[in-house]
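Computed from heavy atoms alone, side chains included, the values below leave out hydrogens, waters and symmetry copies.
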Amino acid sequence: HGFKDANLYSRTVAVELKNKIASYEGVKPEQVFLCAGLSEVLNLVGAVTGLEHGDLVSAHPTFDLMLTTATAIGGKWIKVPLNKQYQHDLPAMEAALTPKTKLLYICNPGNPCSTIVDPEELSRFCERVSRKNLVFVDEAYNDYIPDAEKHSMVKRLKAGDNVMIGKTLSKVHGFAGLRVAYVMASKEFIKELEKYRTWDFSMNAPSMHGALATLDDEMFKKYCIQKNAEVRDMTVAGLQKLGYDPLPS
């Protein structure tokens with residue numbers, strides 16, 4: 001269906017998708033930034049926040065694409081080790097903030113360590129820390145969690161905190177090759193992000209038509225979550241047979 005617009009520039013469908021995401025998430029369209037996978041915005045945020053002149057704080061190990069990019073442009077990456085449970089050590093991350101900190105990055109649920117932070121603790125952390133620093137919560141894997149909404153920090157954005165929430169269709173929706181994702185932040189920060197994007201929209205029309213369809217396809221989403229759980233359990237059982245003790249995921 002989406003290929004019917006492949007010969008057209010993508011502004012119309014992009015506006016439709018932005019409105020749909022805003023309705024889906026309960027935010028305003030001007031709080032949504034569309035991007036060709038979260039990898040695109042992870043790079044743009046570095047430019048917007050001036051990371052080449054400051055520090056970026058994250059857990060370690062974590063999903064490090066933006067962090068290595070920030071280092072490449074001259075920013076200092078402050079790595080805070082995970083705690084003994086292989087979770088983000090939020091108190092240690094807060095203690096690592098300095099006057100030069102431009103951004104604090106949290107990938108939750110984690111990658112490569114598939115652990116999760118207590119949602120109430122993370123909510124209080126975001127509320128407190130975002131008064132001084134932008135907090136970017138990457139929720140690429142949030143769809144796989146039971147009670148996903150409870151764990152999302154979109155509520156902190158709705159409360160007016162200085163947070164940015166990243167979501168992608170690359171995982172549970174199976175759109176990794178189609179490159180569709182979005183972030184949500186204050187309308188002021190989204191306006192700044194728009195200055196750095198490639199032309200009007202970096203995504204193509206067929207991909208965005210697909211996104212419009214899959215956001216409503218709860219049956220497909222449940223199928224993917226179920227299959228992911230089955231493969232996870234099979235993998236864990238296989239590793240345990242070999243004598244390994246995998247982290248709970």
Side-chain angles (χ1 to χ4, degrees), residues 1-25 32-47 61-70 72 105 107-114 136-145 148 152 154 164-185 190 193-194 196-235 249:
H1 170 73
F3 279 98
K4 70 181 179 63
D5 283 349
N7 64 319
L8 302 174
Y9 290 112
S10 58
R11 169 173 287 279
T12 302
V13 66
V15 170
E16 185 181 355
L17 179 58
K18 197 180 248 198
N19 288 336
K20 188 176 189 72
I21 289 168
S23 175
Y24 182 78
E25 296 283 0
V32 177
F33 180 88
L34 301 176
C35 42
L38 281 181
S39 53
E40 181 189 15
V41 80
L42 291 176
N43 292 333
L44 293 180
V45 168
T62 190
F63 185 72
D64 62 6
L65 178 64
M66 178 175 63
L67 314 169
T68 51
T69 302
Y105 174 77
C107 181
N108 186 60
N111 175 5
C113 295
S114 53
F136 184 4
V137 185
D138 184 341
E139 296 185 355
Y141 306 94
N142 196 61
D143 287 323
Y144 293 108
I145 311 170
S152 176
V154 174
M164 181 166 62
I165 314 300
K167 298 205 175 185
T168 180
L169 276 67
S170 292
K171 311 305 176 189
V172 77
H173 293 279
F175 271 40
L178 292 174
R179 314 309 300 141
V180 180
Y182 58 96
V183 295
M184 295 167 284
I190 295 297
L193 267 181
E194 295 285 358
Y196 289 84
R197 74 154 59 254
T198 305
W199 194 55
D200 271 352
F201 296 98
S202 53
M203 293 181 297
N204 62 71
S207 290
M208 288 190 282
H209 275 294
L212 283 165
T214 193
L215 282 171
D216 284 334
D217 195 343
E218 290 299 322
M219 188 177 295
F220 176 71
K221 185 174 166 183
K222 287 176 182 175
Y223 169 81
C224 290
I225 293 170
Q226 176 193 336
K227 287 298 175 187
N228 185 77
E230 288 174 7
V231 172
R232 178 198 62 204
D233 294 345
M234 180 181 69
T235 304
S249 174

(message) Closer than 4.0 angstrom, basic N to acidic O: yes or no for Lys18 and Glu25?
(response) no
(request) For residues Lys221 and Val172, report the shortest heavy-atom separation together with the two atoms involved. (result) O-CG2, 3.9 Å
(request) With the side chain counted from C-beta on, respond yes when Ile190 and Val32 share a heavy-atom pair under 4.5 Å apart, and no when they do not. (result) no
(message) What's the separation between atom CG in Asn108 and atom OG in Ser152, rounded to the nearest 0.5 Å?
(response) 9.5 Å
(message) Let me confirm one number: the CD-CG distance from Glu230 to Asn228, rounded to the nearest 0.5 Å.
(response) 9.5 Å
(request) First locate atom CG of Leu178, then atom OG1 of Thr214, and finally report the distance between them rounded to the nearest 0.5 Å. (result) 10.0 Å
(message) Can you confirm whether the side chains of Asn204 and Ser207 place a donor and an acceptor under 3.5 Å from each other?
(response) yes
(message) With a 4.0 Å cut-off on N to O distance, would you call Asp143 and Lys167 a salt bridge?
(response) no
(request) Decide yes or no for Val183 and Ile165: does some side-chain heavy atom of the first lie under 4.5 Å from some side-chain heavy atom of the second? (result) no
(message) Test of understanding: with side chain to side chain contact (heavy atoms under 4.5 Å, CB included), list the residues that count as partners of Ala140, not counting sequence neighbours.
(response) Leu38, Asp138, Thr168, Lys171
(request) State the OH-CG distance between Tyr196 and Leu44, to the nearest 0.5 angstrom. (result) 9.5 Å
(request) Could you tell me whether Glu40 and Arg179 make a salt bridge, using a distance below 4.0 angstrom between a side-chain N and a carboxylate O? (result) no
(message) If you define the side chain from C-beta out and look only at heavy atoms, does anything of Ser10 sit under 4.5 Å from Met208?
(response) yes
(request) Any chance you could measure Phe220, atom CZ, to Ile225, atom CD1, to the nearest 0.5 Å? (result) 10.5 Å
(request) Could you grab the distance from atom SG of Cys113 to atom CZ of Phe63, nearest 0.5 Å is fine? (result) 14.0 Å
(message) Testing the basics here: between Glu139 and Val154, what is the closest heavy-atom pair and its distance to 0.1 Å?
(response) OE2-N, 4.4 Å
(request) Could you check if a side-chain atom of Val45 sits within less than 4.5 angstrom of a side-chain atom of Met164, using non-hydrogen atoms only? (result) yes
(request) Check His173 against Phe175 and note the closest heavy-atom contact, atom names and distance. (result) O-CD1, 3.2 Å
(request) Answer yes or no: is there a side-chain heavy-atom contact under 4.5 Å between Lys227 and Tyr223? (result) yes
(request) Please answer whether the main-chain N or O of Ala148 pairs with a side-chain N or O of Asn142 as donor and acceptor at a distance below 3.5 Å. (result) yes
(request) Apply the test side chain to side chain contact (heavy atoms under 4.5 Å, CB included) to residues Tyr182 and Leu169: give CA-CA distance (whole Å), side-chain angles for both, the deciding distance (0.1 Å), then the verdict. (result) CA-CA 9 Å; Tyr182 58 96; Leu169 276 67; 4.2 Å; yes
(message) Can you confirm whether Thr62 sits close enough to Asn111 that some side-chain heavy atom of one is under 4.5 Å from a side-chain heavy atom of the other?
(response) no
(request) Output yes when a side-chain donor or acceptor of Ser114 lies under 3.5 Å from a complementary backbone atom of Gly110, and no otherwise. (result) no
